[in-house]
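Input: a single structure, listed below in structure tokens.
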Amino acid sequence: MKKSLAKIPVAHAFCDECAGVIKEQLIGIEGIHNVYANPMDSLIWFHFGSANELALALNKLMEIGHPPLGDKIKKENYVPPLCQCTKVGSSAA
């Protein structure tokens, strides 16, 4: 099966440590591979094989508080970002 590449800029910044948690969450989805999270650019990218896998990954990002940049979120559906630490913007890790 052919794999596609998703590059997703996310709405909230995250640190290197939280990037690892984001990667773990996405790798836990069957069919998602080669996950990278770049804190400097608030960018996440990964390979997926089907639209369903992509949808699951996008839903997971929403669940952990890192929705795709530009997504409109209803107030009642807002989830605070996973990364609440003081290391955001630093090269800590």
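Just so it is clear, the values below take in all heavy atoms, side chains as well, and ignore hydrogens, waters and symmetry mates. Being a predicted model, the structure only gives us computed values, none of them experimental.
E63 CD to L56 CG: the interatomic distance, rounded to the nearest 0.5 Å, is 9.5 Å. Between I29 atom CD1 and N59 atom CG the span is 8.5 Å, to the nearest 0.5 Å. Separation of atoms CZ (F46) and CD1 (I27) is listed at 11.5 Å; rounding is to 0.5 Å. In this structure, OH on Y36 lies 10.5 Å from CG on L5, to the nearest 0.5 angstrom.
Judged as a side-chain contact (heavy atoms from CB on, under 4.5 Å), and not counting sequence neighbours, the contacts of A11 are P67, L69. Shown here are the side chain to side chain donor-acceptor pair (under 3.5 Å) partners of D41, two or more places apart in sequence or in another chain: N38. For N34, the side chain to side chain donor-acceptor pair (under 3.5 Å) partners are H47, not counting sequence neighbours.
Of all the heavy atoms in M62 and P68, the pair that sits closest is SD-CD, 4.4 Å. Nearest heavy-atom pair, F14 versus P39, reported as atom, atom and distance to 0.1 Å: O-CB, 3.1 Å. Nearest approach of H66 to H12, heavy atoms of both residues: ND1-O, 3.3 Å. Counting all heavy atoms, side chain and backbone alike, L43 lies closest to K7 at CD1-C, 4.2 Å. I32 approaches F48 most closely through the heavy-atom pair CD1-CB, 3.8 Å. The nearest pair of heavy atoms linking L26 to I44 is CD1-CG2, 3.7 Å.
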